[in-house]
Number of protein chains: 2
Amino acid sequence: MELRHQVAVTLAEVAEAAGVGESTVSRVLRSHGSFSDKTRERVMAAVERLGYVPNRIAGTLASAGSRLVAFVIPSLSNIVFPDVLRGASAVLEENRHQAVFAVTDYDPQKEEALVASMLAWRPAAVVLAGCEHTEGTAKMLRASGCRIVELLDLDGEALDIAVGFSNRAAGHASAEFLLTRGYRRIGYVGHDLIRDTRAGKRFKSFCETLGMHDVPLVDREIVAGASSVENGQVGLEQLLARTPALDAVYFSNDDMALGGYFHCLARGIHIPSRLALFGYNGLDIGRVTPQPLSTVRTPRVATGRVAAQLIVENAPSQIVDLGFELIEGATA
Amino acid sequence: MELRHQVAVTLAEVAEAAGVGESTVSRVLRSHGSFSDKTRERVMAAVERLGYVPNRIAGTLASAGSRLVAFVIPSLSNIVFPDVLRGASAVLEENRHQAVFAVTDYDPQKEEALVASMLAWRPAAVVLAGCEHTEGTAKMLRASGCRIVELLDLDGEALDIAVGFSNRAAGHASAEFLLTRGYRRIGYVGHDLIRDTRAGKRFKSFCETLGMHDVPLVDREIVAGASSVENGQVGLEQLLARTPALDAVYFSNDDMALGGYFHCLARGIHIPSRLALFGYNGLDIGRVTPQPLSTVRTPRVATGRVAAQLIVENAPSQIVDLGFELIEGATA
DNA sequence: GGCTCAAATGGCAGCGCTGCCATTATCTCT
DNA sequence: AGAGATAATGGCAGCGCTGCCATTTGAGCC
């Protein structure tokens, strides 16, 4: 298997082998400009024979305009982002674009560094999560001249294109729902809110809505670390240990809510009569639990799809609100 | 916000502005070769002032040798692949490499097309799932001269580097475990096995092991579609409807097993006394369910990490077996 | 046959950078 | 001070392709 070090076949060699000019080969391969059938066959035969693979690095440099789309995302553990990438990559592949990505771990400084290194590839667009970025990030992006797409958060100022929904509205709707159902002793279990600003916005809006109805948030438990099933379980356990007399708990995420749900199942805490649970995201798994999870379903895959669509068609600057859906479920 | 169409600053402009030669700027920016402190400051000042971002397209073309790593993965819905990407991207980012990816939907033809378009970027390495590829894919990869890394399946011939574990061994271990626990009427619930060849290998080996102990597989239910919690529930429901007298069920994945678990919870089927469940993957969520899921934990993040490490250090061809861990759990 | 027009084709500069080599400035040592 | 070494620097070809322009070819027509 020692086939390393081979010199790649170049367009010039194909031209030579086919007995035509370089530009002709280029035209044939891109189906751009005119050429005869006979020529095309000769070229394709040579391509086949030599095993030629076009060099897009050179092509991009020469034509100034790449088909790369850079995704700078906070995490791959949070299912949200794989879902977004999934929606986007389907559309990008159909349109002969390529996705590059990097993970920030919810760190704005790291985001800035990664955006810089992404811009070095002169992508057609840079896709980011949320609309909070460092001054430096925003400046670089604006100066780059490439398209900027901010996802999953419409509560802020967009740099160019934004696709998603309002987290504030989601938090508000969740609070209204719990209030309508009659819950009055409400708690919250969340993960690191400083880094995950979108979860922070939901929580803030949730509390404000409770406040408007003169229902204070009774207690909250913020676990260190990322959103996860385990943290949800631990968080609820601690919250209940401190404040047993709650009738509903709002979670920062479905992962967390599922952890809470399992905790209740294990402890025999009846849901929703003894305690109601409400999540966020609308994960598939929440629909299959013995009691479907009450939550807000977010359009994650669609967000990726729409973002990619706008990029490939080079759409004008705009804000696309894809909304969300409140799932009543059976846990609240 | 209409800042489109800007002409990017080039190295030549920086050189001009700093009053030095192009090569000097290049050396300073890459900390390669020698230059005085004074020069470095002048260059950096010019870079800062002009907002220069190096063009890695041009750099890569000139220096022949990219720091791109191409991932051609079957899916982003199956958590396995985000996990692998997560492990890999951390290492790649530390080593100034960039990850590009594309999704095949478990389609070998699509894989071939995507590999071709990835090779056009002249990546340092192409990372694939499994070791079954079309003839064309293998030929292109071998001819490309770039590193090839095949993940998560050691039961076959590797093209260059392979990192993962044996699915056959995992299937075998799962069968042995269920037999040791005394189960004798065993069923299987799986998803599309033609596309997911690794699940197919586990199942085959599982059956062979049962056979060696003269315990035939009693029944199986193969659901159409991907591995998911919902399909697991549906699958188990159908399997039990047809063959109620089972004492254990092996699932193609933890997702599926969780679906089965929820089905049992909802129907009041006692686990494991009435029915034992066994999964595959060792998802975090399986540790937090009221009864921890019995399963095989696979080193997904480590697989990505090790693969990336071998790529950045340009390690020789090799097979790295990271093994797996059987989790006894409480469902079998 | 000679003419026109469009289709088909080739030549070559240049995209922005790096690598090599030549040149110049700066030291070090006798 | 001068020779020789070393550090610092600039010039420029060329990576493989595309885009432009010039040229050739062929078809159609009077």
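Both backbone and side-chain heavy atoms feed into the values below; hydrogens, waters and symmetry mates do not.
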message: Using modelled atom types and a 3.5 Å cut-off, is there a donor and acceptor pairing between side-chain atoms of A:Arg42 and backbone atoms of A:Ala18?
response: yes
- prompt: Could you give the CG-to-P distance, from B:Leu29 to C:dG16, as a whole number of Å?
  reply: 16 Å
message: Donor-acceptor pair, distance only, cut-off 3.5 Å: does the side chain of A:Arg122 make one with the backbone of A:Leu119?
response: yes
- line: Looking only at D:dT9, C:dG16, D:dC17, the nucleotide nearest the B:Phe35 side chain is D:dT9
message: Just the rounded figure in Å: distance from P of D:dC17 to CG of A:Leu11.
response: 5 Å
- prompt: So, the side chain of B:Arg195 versus the backbone of B:Asp105: is there a donor-acceptor pair under 3.5 Å, distance only?
  reply: yes
task: For the side chain of B:Thr24, starting at C-beta, report the closest nucleotide among D:dT9, D:dC15, D:dC17.
output: D:dT9
- request: Figure out the NZ/C1' separation between B:Lys38 and D:dA8, and round it to whole Å.
  value: 10 Å
task: Could you state the atom-to-atom distance from CZ of B:Arg67 to C1' of C:dC17 in whole Å?
output: 15 Å
- request: Have a look at A:Arg56 and say if it touches a base, only the backbone sugar-phosphate, or nothing, with a 4.0 Å heavy-atom cut-off.
  value: nothing
- prompt: Which part of the nucleic acid, if any, lies within contact of A:Ser23, taking any heavy atom under 4.0 Å across all strands shown: a base, the sugar-phosphate backbone alone, or nothing?
  reply: base
- prompt: In whole angstroms, how far is the P atom of D:dT18 from the CG atom of B:Leu61?
  reply: 12 Å
message: Just N and O in the side chain of B:Ser26: are any of them under 4.0 Å from OP1 or OP2 of C:dT18?
response: yes
query: Looking for any heavy atom pair under 4.0 Å, which part of the strands does B:Thr39 touch: base, sugar-phosphate only, or nothing?
result: sugar-phosphate
query: Within less than 4.0 Å of OP1 or OP2 of D:dA8, is there a side-chain N or O belonging to B:Ser34?
result: yes
query: Okay, side chain of A:Arg147, backbone of A:Ala315: is any donor-acceptor separation there less than 3.5 Å?
result: yes
- prompt: Distance-only, no hydrogens or angles: does the B:Asp155 side chain make a donor-acceptor pair with backbone N or O of B:Asn167 under 3.5 Å?
  reply: yes
query: Over how many whole Å does the gap from A:His32 atom NE2 to C:dA7 atom C1' extend?
result: 15 Å
- prompt: Can you check the B:Glu13 CD to C:dG16 P distance for me, whole Å?
  reply: 8 Å
- prompt: Is the distance from OP1 or OP2 of C:dG19 to the nearest side-chain N or O of B:Arg30 less than 4.0 Å?
  reply: yes
- prompt: A:Arg27 has an atom CZ; how far is it from atom C1' of D:dC20, in whole Å?
  reply: 11 Å
field: A:Ser36 side chain near C:dT9 phosphate (N/O to OP1/OP2, under 4.0 Å)
entry: yes
message: By the 4.0 Å heavy-atom rule, please label A:Ser63 as base, sugar-phosphate, or nothing.
response: sugar-phosphate
message: Check the phosphate of D:dG16 against A:Thr10, side-chain N and O only, distance under 4.0 Å to OP1 or OP2. Yes or no?
response: no
- prompt: How do A:Gly33 and A:Ala58 order along DNA chain C: which one's closest nucleotide is nearer the 5' end?
  reply: A:Gly33
